[in-house]
Amino acid sequence: MPILVRPADMERITTTALAQKYIEEQISDLRAQIGDKKVLLALSGGVDSSVTAAMLIRAVGQQLVCVHVNHGLLRKNEPEQVIEVFRKQMKANLIYVDATDRFLDKLAGVTDPETKRKIIGGEFIEVFAEEARKLNDITFLAQGTIWPDILESEAGIKAHHNAGGLPEDLKFELVEPVRILFKDEVRVVGRALGLPASMVDRQPFPGPGLGVRCPGAITRDRLHALREADAIVREEIGRLPETPWQYFCVVPDMKSTGIKDGKRYMGWAVIIRAVNTVDAVTATVPELPFSLLCTIRDRIVASVPGVNRVLWDLSEKPVATIEYE
Ligand code: XMP
């Protein structure tokens, strides 16, 4: 199959009708390319891989094998949602691998941000490769590559790692059904394929997941506090009529004095981070209603173990980055 390039005059997919037309064309191309062979996909639950999966399920059904690796750094209920939507609702062939212990054991005591990222990326490839080797009849590897990935890697801005990383013995032919789409188009196509809004409208979430929001050496108890606090922050800020571009929280490896039941209580601080941006290269901090911040504070200190303080990050990018590591 020729490498697909977005035609210069291609109409931007903004409506369900245009999305349906794109889906029909893709399904016919995918069936012609794949025939009766099998396709493997690493399904993170992010927008691009979810839409890629939904498209392939329409095109080749059970010939698609999805592998969802839980690296232990996902947000609250994320693996459950992937299983619910893809295995239960879309009847996909889905392998779920809970590799939490493998990742957290390797990350124990590691404080350097780049080393943490490398461990997470490297371990992910290893777990995925192990699953791929168990399946000996796979011909194709599907990827949720999108058009900005291609443009950025051509411009030398970002190495496009989707294709890379798998060991030499695992050589598959690539299938990239959303390759010529921009992100907003991927969302329109995802909706037309019947994916829930909670999946299609998801915020950007880094590959190393909560790992970059648990600065310093990750411990299970601080990671648990981060995950619980993050669910509260996302739920409460998500109620705003207009939500910021990205909003989450961070729990640094720092304890401060507090009081609980009349006694001294050393606890972590949850830092609320909300930003607006167009391209994530620069970012501003939107005003959040004070009552909303207080609701978040009250819910976090009442229910998240180990936390005695809630802070709001006012830093813009630059000089701060959006993530903490
Ligand atoms: P920074 O922290 O560089 O983040 O201001 C800019 C945007 O990129 C996201 N981000 C990542 N996304 N893998 C990703 O897929 C990563 O390793 C990664 N690191 C940061 C971040 O969430 C923000 O939207």
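In listed order, ligands and their atoms are each counted from 1. Note: hydrogens, waters and symmetry copies are ignored here, and every other heavy atom, side chains too, is used.
- Between the side chains of Arg309 and Ser256, a donor-acceptor pair is found at a separation under 3.5 Å.
- Not a single heavy atom of Tyr324 lies less than 4.0 angstrom from ligand 1.
- Every atom of ligand 1 with a heavy atom of Pro208 under 4.0 Å away is listed here by number and element: 16 (C), 17 (O).
- Applying the 4.0 Å criterion to heavy atoms of Thr321 picks out, from ligand 1, the atoms 1 (P), 2 (O), 5 (O).
- Of the protein's heavy atoms, Ile322 CB, 3.9 Å lies nearest to atom 4 (O) of ligand 1.
- A donor and an acceptor atom, one from each side chain of Glu316 and Thr284, are nowhere located under 3.5 Å apart.
- For atom 14 (C) of ligand 1, the protein comes within 4.0 Å by at least one heavy atom.
- With respect to atom 20 (C) of ligand 1, the closest heavy atom belonging to the protein is Glu323 CG, 3.7 Å.
- When the heavy-atom distances from atom 23 (C) of ligand 1 to Lys317, Arg213, Gln246 are ranked, the shortest goes to Gln246.
- Among the atoms of Gly207, some N or O lies under 3.5 angstrom from an N or O of ligand 1.
- Counted by atom type alone, Thr139 and Glu173 present zero donor-acceptor pairs between their side chains at under 3.5 Å.
- Taking atom 7 (C) of ligand 1 as the reference point, the nearest protein heavy-atom neighbour is Ala280 CB, 3.8 Å.
- Val67 and Leu166 fall within a single hydrophobic cluster, where Ile, Leu, Val, Met, Phe, Trp and Tyr are joined by side-chain heavy atoms under 4.5 Å apart, directly or via other members.
- A cation-pi contact, defined as under 6.0 Å to the ring centre and within 45° of the axis, is absent between Arg87 and Tyr96.
- The protein heavy atom nearest to atom 10 (N) of ligand 1 is Pro206 CB, 4.0 Å.
- A distance-only check finds a donor-acceptor pair linking the side chain of Arg227 to the backbone of Leu74 [under 3.5 Å].
- Identified under the ring pair (Phe, Tyr, Trp, His ring centres under 6.0 Å) test for residues 263-305, with sequence neighbours left out: none.
- Protein heavy atom closest to atom 16 (C) of ligand 1, with residue, atom name and distance, is Arg117 NH1, 3.5 Å.
- Judged by a 6.0 Å distance limit and a 45° cone about the ring axis, Arg234 is not positioned over the six-membered ring of Phe248.
- When each atom of ligand 1 is checked for a heavy atom of Trp245 under 4.0 Å away, the hits are 24 (O).
- Stacking of Arg273 on the aromatic ring of Tyr247 is not recorded, the 6.0 Å distance cut-off and the 45° axial limit not both being met.
- Contacts between Phe248 and ligand 1 below 4.0 angstrom, taking non-hydrogen atoms only, are absent altogether.
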